Amino acid sequence: MIAVRNPCFSGLALLSLVAAVPLQAWAADAEAPFNPPDSVVVAADTPFLPRFEKRHTGRFNGEQIRYRSAVEETPVTDASGAIVASIGSISYISEGGGDARPVIFAFNGGPGSASVWLHMGFFGPVRPDYGSGDEEIQPPTAAPFAMVPNPESPLDVADVVLIDPPGTGFARVYGKNNTGKVFGPEEDAQAVTRFITEWLRRNGRENSPRYLIGESYGTIRAALVAKLLAGGPFGTGRMNGITLNGVILLGQAMDGSRRSPEISAIKNLSAFAATAWHHGKVARGAGLEAHVDQARAFAAGPYLTALMAGSRLPAAERDAIAATLSNLIGIPAARLLELDLRMDGTTFGRELLRDEGLQVGMYDTRYTLPLAASAGDPVADDPAMGQYVPLYVATLQEHMRNNLGVSVDRAYNPIEFHQINSVFWKGQPPLSQNHAESLATAMRRNPQLRVLVGTGYFDLVTTLGAAEDAVALSGMDPERVTMISYTSGHMPYIGKQSRAQLAADVRAFVSGQGR
């Protein structure tokens, strides 16, 4: 059976948001001409950035480590050998670690996001100072921002390579006509696969244990890269023979192949229940996990039956379902009846605390902002993203300048929204495939490949139910999958307790001690 820290149920799959913009925004932009800014595309003859390397010491998990950092830009070439783009990377490599030391390749999502979130939130030697409070949900939102040492970084057990795909971070597309060669799920994965292959060769680490960690859309990238690394005539075109020891997925977004309002409501229910419990909108006597378990059981049974009955559901049963649903997710039964018992994440985020004039964040429902004066931007006005982005962006810039010795006349792109359009998705709906099947194929090819799936209770973008179902319906070997729920949101490293748990889980997983 699947190894779980919290029980899960399986059934129908959930539409997960993988991009930083909703589907309707993507659809509106799909027909627009792609005019990338200089922050994405540069002239083909633009010089590459120099390599910046420094040596450091730090204490991680109580162990003093000597390591070096390397910030560099690596070319991406096409079949003819011409440079079409670059990938940026920031590596932390221990002194004298040797081949036996694991290497973690980490990337965020978007698509169009740099690795700033995993870098400054978890893997880097320093992290933002969130201020007081264990949950860290009221961070400073205006400069100056501060950094503090990050002893939870797993640099004591592994080297880390943070990857910025073309158009993100310092990486660029070299020549406007080359965007189609690197923008797209397969193209993106091919570029990252080539980068990892080259990094291992260039650093003499072909025989080191290897791990991928992807967050949000990065979980799709991780699934595709895990499959491509082995090579083959239908993969990279050559037999690379590179296997992985493990893949870690945070905020998985791999399966968007099955969608409907009913399915979304069912799969989101556990996240709605967790959020209502956190904000005290439901009875809290049973505790968070027990309350979420009640929601899972209700979703898999009476709620599923009621929604599939549709207009055939008798009025008395409809009222009873609304009452139970209200007790689980904190929305009045009368309002649930008005919504035909179906609730989506955006509506829930605005309804739960409406009586207090507050909206909860989609990316982390512990965060709130006033309902009033919102401009409706799905990221800038999200109560979570809108508050922690400034802190991450500013501290990364300071860390690179003051600690890593980076001095360049090129902007670092944290998130580049211009990539979220028909150029990347090739005119197809972005959430129409089950990419978890690629990871299942990689596990079939490599019987020793293990997977860890981490999901935040308070994530309405990639929910608990979506993660549980993606694994159950993918064909993955359940004996090699560990699923863990964190008392956090889309980024499980926000919050002292959650970050400490994640650090312990990653260390155990990479050290071969995890389930």
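Predicted model, so just to flag it, every value in this text is computed and none were measured.
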Electrostatic pair Asp156-Arg59, nearest N-O below 4.0 angstrom: no
Is it the case that Arg221 places NZ or CZ above or below the six-membered ring of Phe107, under 6.0 angstrom from the centre and within 45 degrees of the axis? yes
Side-chain donor/acceptor of Asp99 to backbone N/O of Ser208, under 3.5 Å: no
Main-chain N/O of Pro165 paired with Thr168 side-chain donor or acceptor, under 3.5 Å: yes
For side chain to side chain contact (heavy atoms under 4.5 Å, CB included), just list the numbers for Ile90 and Val161, CA-CA rounded to whole Å, side-chain angles, deciding distance to a tenth of an Å, and then say yes or no. CA-CA 6 Å; Ile90 300 176; Val161 183; over 6 Å; no
Any heavy-atom pair between the side chains of Trp277 and Tyr457 that's under 4.5 Å? no
Is the side chain of Tyr493 donor-acceptor paired with the backbone N or O of Leu502 at a distance under 3.5 Å, no angle test? no
Nearest non-hydrogen partners of Val292 and Ser270, listed with the distance: CG1-CB, 3.8 Å
I'd like to know if Lys496 and Glu136 make a salt bridge, using a cut-off of under 4.0 Å between side-chain N and carboxylate O. no
Is there side-chain contact between Val510 and Ile104, with at least one heavy-atom pair below 4.5 Å? yes
Centroid-centroid under 6.0 Å between His119 and Tyr92 rings: yes
Main-chain N/O of Ser153 paired to Arg507 side chain as donor or acceptor, under 3.5 Å: yes
Please answer whether the main-chain N or O of Arg450 pairs with a side-chain N or O of Arg480 as donor and acceptor at a distance below 3.5 Å. no
For the pair Ser89 (side chain) and Ser91 (backbone), establish whether a donor and an acceptor sit closer than 3.5 Å, ignoring hydrogens and angles. no
Could you tell me which non-hydrogen atom of Pro139 sits nearest to which non-hydrogen atom of Ile137, and how far apart they are? CD-C, 3.3 Å
Is a side-chain N or O of Gln387 found less than 3.5 angstrom from the main chain of Pro383, in a donor-acceptor match? yes
Do Asn108 and Tyr217 pair up side chain to side chain, a donor and an acceptor below 3.5 Å, judged on atom types alone? no
Atom CD of Gln448: over 12 foreign heavy atoms under 6.0 Å: no
In the structure I gave you, are the side-chain heavy atoms of Ile242 and Ile196 within less than 4.5 Å of one another anywhere? no
Rounded to the nearest 0.5 Å, how far does CZ of Phe458 lie from CD1 of Ile494? 13.0 Å
Would you call Val126 and Asn403 a side-chain contact if the rule is heavy atoms closer than 4.5 Å? yes
Answer yes if the ring centres of Tyr367 and Tyr388 are under 6.0 angstrom apart, and no otherwise. yes
Between His490 and Asp459, is a side-chain hydrogen bond (donor to acceptor under 3.5 Å, both in side chains) present by the stated rule, with each step listed? CA-CA 5 Å; His490 195 56; Asp459 181 3; 2.9 Å; yes
How far apart are the closest heavy atoms of Ala273 and Ala295, and which atoms are they? CB-CB, 3.6 Å
Test side chain to side chain contact (heavy atoms under 4.5 Å, CB included) applied to Glu437 and Met476, step by step: CA-CA 8 Å; Glu437 293 173 352; Met476 295 183 200; over 6 Å; no
Using the side chain to side chain contact (heavy atoms under 4.5 Å, CB included) rule, take Tyr486 and Asp505 through it: C-alpha gap first, then chi angles, then the decisive distance, then the call. CA-CA 11 Å; Tyr486 295 95; Asp505 291 336; 2.7 Å; yes
Euclidean distance, Trp117 CH2 relative to Glu215 CD, rounded to 0.5 Å: 10.0 Å
Side chains of Val225 and Gln190: does their closest heavy-atom pair fall under 4.5 Å? no
Classify the ring geometry of Phe272 against Phe348: parallel below 30°, tilted from 30° to 60°, perpendicular beyond 60°. parallel
Less than 6.0 angstrom separating the ring centers of Phe48 and Tyr174, yes or no? yes
CA sep, side-chain torsions, deciding dist, call: Phe105, Val160, side chain to side chain contact (heavy atoms under 4.5 Å, CB included): CA-CA 6 Å; Phe105 295 94; Val160 174; over 6 Å; no
Of all heavy-atom pairs between Tyr211 and Pro102, which one has the smallest distance, and what is that distance? CE1-CB, 4.0 Å
Quick one, Glu72 and Arg202 - any side-chain contact, counting heavy atoms below 4.5 Å? yes
Looking at Gly109, is its backbone amide N or carbonyl O close enough to the side chain of Ser216 to form a donor-acceptor pair, meaning the two atoms are under 3.5 Å apart? no
Glu73 CD to Ile87 CD1 distance, which is reported to the nearest 0.5 Å: 10.5 Å
Using salt bridge (charged side-chain N to carboxylate O under 4.0 Å, His left out), reason through Arg68 and Glu53 one step at a time and then give a plain yes or no. CA-CA 7 Å; Arg68 59 185 172 89; Glu53 185 172 334; 3.6 Å; yes
Evaluate salt bridge (charged side-chain N to carboxylate O under 4.0 Å, His left out) for Lys227 paired with Glu186, printing each intermediate quantity in order. CA-CA 11 Å; Lys227 178 182 175 182; Glu186 290 291 339; over 6 Å; no
From Phe509 atom CZ to Ser511 atom OG, the distance as rounded to the nearest 0.5 Å: 11.0 Å
Quick one, Val451 and Leu439 - any side-chain contact, counting heavy atoms below 4.5 Å? yes
Would you mind telling me which of Lys267, Arg296, Gln252 makes a side chain to side chain donor-acceptor pair (under 3.5 Å) with Glu468? Arg296
Taking every non-hydrogen atom, the tightest pair across Ala299 and Ile266: CB-O, 3.8 Å
For atom CD of Gln497, decide whether the heavy atoms of other residues, nucleotides or ligands shown that lie under 6.0 angstrom number more than 12. no
Considering all heavy atoms of both residues, which atom of Pro166 and which atom of Phe183 are nearest to each other, and what is their separation? O-CE2, 3.7 Å
Please confirm whether the backbone N or O of Thr243 pairs with a side-chain atom of Arg210, one donor and one acceptor, at under 3.5 Å? yes
Kindly compute the distance separating CD1 (Ile220) from CG (Asp255), expressed to the nearest 0.5 Å. 9.5 Å
So that I can tick it off, tell me whether Glu95 and Arg55 are bridged by a salt bridge, with the cut-off set at under 4.0 angstrom between side-chain N and carboxylate O. yes
Min side-chain heavy-atom separation Asp188-Pro111 under 4.5 Å: no
Within the 3.5 Å criterion, strictly below it, is a donor on Ser115 or Asp164 matched to an acceptor on the partner's side chain? yes
Main chain of Glu416, side chain of Asn413: is a donor-acceptor contact present, judged purely on distance under 3.5 Å? no
Criterion side-chain hydrogen bond (donor to acceptor under 3.5 Å, both in side chains) on Arg366 and Ser488, from CA distance to verdict: CA-CA 8 Å; Arg366 297 172 300 169; Ser488 189; 3.2 Å; yes
If you measure from OG1 on Thr455 to CG on Leu249, what distance do you get to the nearest 0.5 Å? 9.0 Å
Would you tell me whether Arg194 and Thr74 have side-chain atoms, one donor and one acceptor, within less than 3.5 Å of each other? no
